[in-house]
Amino acid sequence: MDRLEEALRDALRRKQAPEGFAARVLARQAAAGRWERFRFWSGIPSWRWAGAVALTLVLLAGIQYRGEQRRRAEGEAAKEQVMTALRITAGKLDYTR
């Protein structure tokens, strides 16, 4: 147990910071502060981003579904028109014969 305690004591012993450490930390913090204003999303929690993405996906899926319904309805209407035209043509051909 003495070696473990000694190792812990050595690891936790106060040490002098390297030369220029404070200046490097302050410079890095200042550089980060300059770019922070360009990151408008930095203050928004991630759960709000997830909610916004989920809402966007649901809206896009709804728009896609609605468009598919409209295309299907137009296709059915065109099919009905073709069938009506064929019935009229068949009737006229029968009358002609």
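Along the sequence shown, residues are numbered consecutively beginning with 1.
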State which residues pass side chain to side chain donor-acceptor pair (under 3.5 Å) with R13; sequence neighbours excluded, sorted by chain then number. D10
If you look only at pairs with a residue in residues 14-24, which of them pass as a salt bridge (charged side-chain N to carboxylate O under 4.0 Å, His left out), with sequence neighbours excluded? none
Among Ile, Leu, Val, Met, Phe, Trp and Tyr joined by side-chain contacts under 4.5 Å, find the other residues sharing a cluster with L60 and list them by chain and number. none
So E6 and R3, salt bridge (Lys or Arg N to Asp or Glu O under 4.0 Å) or not? Walk me through it. CA-CA 5 Å; E6 188 65 33; R3 280 190 272 162; over 6 Å; no
Apart from L59 itself, what residues make up its hydrophobic cluster when side-chain heavy atoms of I, L, V, M, F, W and Y under 4.5 Å apart count as a link, directly or indirectly? L55
Distance-only criterion, 3.5 Å: show the donor-acceptor pairs between side-chain atoms of residues 69-82 and protein atoms not counting sequence neighbours.
| from | atom 1 | to | atom 2 | distance (Å) |
| --- | --- | --- | --- | --- |
| Q69 | OE1 | R66 | NH1 | 3.4 |
| Q69 | NE2 | Y65 | OH | 3.2 |
| R71 | NH2 | E68 | OE1 | 3.3 |

Residue pairs meeting side-chain hydrogen bond (donor to acceptor under 3.5 Å, both in side chains), one or both in residues 85-94, sequence neighbours left out, come to none
Suppose clustering is done on Ile, Leu, Val, Met, Phe, Trp and Tyr with side-chain heavy atoms closer than 4.5 Å. Which residues sit in the same group as L57? V53
